[in-house]
2 protein chains.
Amino acid sequence: MEYEEYITERQKRLARYAKAMGHPIRMYVLELLSRQSCCYSGDLTEILPIAKSTLSQHLKELKEAGLIQGEIQAPRIKYCLNWENWNEAKELFKHFMSD
Amino acid sequence: MEYEEYITERQKRLARYAKAMGHPIRMYVLELLSRQSCCYSGDLTEILPIAKSTLSQHLKELKEAGLIQGEIQAPRIKYCLNWENWNEAKELFKHFMSD
DNA sequence: ATATTTGTTCGGTAAATTACGAATAAATTG
DNA sequence: CAATTTATTCGTAATTTACCGAACAAATAT
């Protein structure tokens with residue numbers, strides 16, 4: 001799965017971010033965080049009709065893609081956007097879709 | 001997999017488009033098409049180090065997501081962006097990421 | 001010290017994705 | 001009509017994703 005010479009780093013990063021956004025639940029979470037700056041996963045399990053373990057997996061995906069981050073505020077975890085990467089993603093998408 | 005009441009139609013559409021963009025090969029194709037308006041899959045198989053059947057599958061995904069369309073120009077097929085949906089996607093992403 | 005709260009990780013299953021080569025389809029060229 | 005060109009579809013295998021409930025970990029509250 002190495003297209004090193006054909007596909008740019010930009011394209012790979014865009015694909016990575018897009019993949020992370022490619023699920024309704026994850027879009028929901030991202031949109032929430034972009035509006036209200038942070039939330040606890042408990043807030044989400046109360047709203048969304050999925051098992052908490054499933055939500056945890058989705059949050060993990062978003063974390064691994066770099067789009068969100070969790071700050072421990074025991075016994076809970078406060079989730080926020082990772083602004084650095086979020087802004088990079090914004091920039092990449094903006095540029096990509098502005099042609 | 002029905003989150004009807006929690007997740008907006010916008011979010012679902014965004015997720016659908018994002019999912020289609022979530023692979024380096026597909027990003028490459030989209031970027032190419034957004035630059036040069038159209039191409040033949042033969043052009044792509046010459047460049048990209050993947051089997052033509054694999055490419056065909058990726059093109060099918062993009063088609064099913066509504067992002068591209070193919071016009072038969074026998075014996076080849078000319079691929080272009082589906083501008084209507086492409087513009088919708090642009091609009092959705094722009095709005096989503098502008099918060 | 002024990003119970004409670006909050007979330008992650010584990011184990012498992014079903015479905016989707018990615019990839020390839022071979023077979024097929026459809027039109028054109030010789 | 002046969003051979004060639006072009007791209008899709010089929011058959012198959014490996015990997016990843018999505019989902020759940022149960023078990024676990026970590027801190028707080030009783």
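Just so it is clear, the structure is predicted and the values come from calculations on it, not from any experiment. Only heavy atoms go into these numbers, but all of them, side chains included; no hydrogens, no water, no symmetry mates. Naming: A, B, ... by sequence-line order, numbering from 1 per chain.
Every residue two or more places apart in sequence or in another chain was checked for a side chain to side chain contact (heavy atoms under 4.5 Å, CB included) with B/Ser56, and none qualifies. By the side chain to side chain contact (heavy atoms under 4.5 Å, CB included) test, B/Leu81 pairs with B/Leu30, B/Leu33, B/Ser34, B/Ile68, B/Trp83, B/Trp86, sequence neighbours left out. Qualifying side chain to side chain contact (heavy atoms under 4.5 Å, CB included) partners for B/Glu88, counting only residues two or more places apart in sequence or in other chains: B/Arg13, B/Tyr17, B/Asn85, B/Leu92. Judged as a side chain to side chain contact (heavy atoms under 4.5 Å, CB included), and not counting sequence neighbours, A/Ser37 has no contacts. Partners of A/Gln73 under the side chain to side chain donor-acceptor pair (under 3.5 Å) rule, at least two apart in sequence or in another chain, are A/Tyr40. With sequence neighbours excluded, no residue forms a side chain to side chain donor-acceptor pair (under 3.5 Å) with A/Arg76. Every residue was checked against the side chain to side chain donor-acceptor pair (under 3.5 Å) condition with A/Arg16, not counting sequence neighbours, and none meets it. Qualifying ring-ring contact (aromatic ring centres under 6.0 Å, His included) partners for B/Phe93, counting only residues two or more places apart in sequence or in other chains: A/Phe93.
Residue B/Ile77 contributes atom CD1, which lies 7 Å from atom P of D/dA7 at whole-angstrom precision. To the nearest angstrom, C1' of C/dG7 lies 15 Å from CG of A/Leu48. Put simply, CZ on B/Arg16 is 12 Å from C1' on C/dT17, counting in whole angstrom units. Atom CG in B/Leu59 sits roughly 13 Å away from atom P in C/dA19 (whole-Å rounding). To the nearest angstrom, P of D/dT5 lies 18 Å from OH of B/Tyr40. Atoms CG (A/Leu55) and P (D/dC19) sit 11 Å apart, rounded to a whole Å. One can place CZ of B/Arg76 at 18 Å from C1' of C/dA25, the figure rounded to the nearest angstrom. The CD-P distance, from B/Gln73 to D/dA7, rounds to 11 Å in whole Å.
Residues B/Ser41 and B/Ile77 fail the side-chain proximity criterion, which asks for heavy atoms closer than 4.5 Å. Two residues are said to be in side-chain contact when any heavy atoms from C-beta on lie closer than 4.5 Å; B/Glu61 and B/Glu64 fail this criterion.
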Under 3.5 Å, which N/O atoms of the protein pair with N/O atoms of nucleotides 15-17 of chain D?
residue, atom, partner, partner atom, Å
D/dT17, OP1, A/Lys19, NZ, 2.5

Strictly under 3.5 Å: I want the nitrogen or oxygen pairs between protein and nucleotides 22-24 of chain C, one per line.
none

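Residue B/Ser56 has a polar side-chain atom (N or O) positioned under 4.0 Å from OP1 or OP2 of D/dT8. Side-chain nitrogen and oxygen atoms of B/Thr54 include at least one within less than 4.0 Å of the OP1 or OP2 phosphate oxygen of C/dC20. Between A/Tyr79 and the phosphate of C/dT8, there is a side-chain N or O to OP1/OP2 separation shorter than 4.0 Å. At the phosphate of C/dT17, neither OP1 nor OP2 sits under 4.0 Å from any side-chain N or O atom of B/His58.
The NE2 atom of A/His58 lies 6.0 Å from the CZ atom of A/Arg26; values are rounded to the nearest 0.5 Å. B/Ile25 CD1 to A/Lys12 NZ: the interatomic distance, rounded to the nearest 0.5 Å, is 10.5 Å.
A heavy atom closer than 4.0 Å to some atom of DNA chain C occurs in no member of residues 63-72 of chain B.
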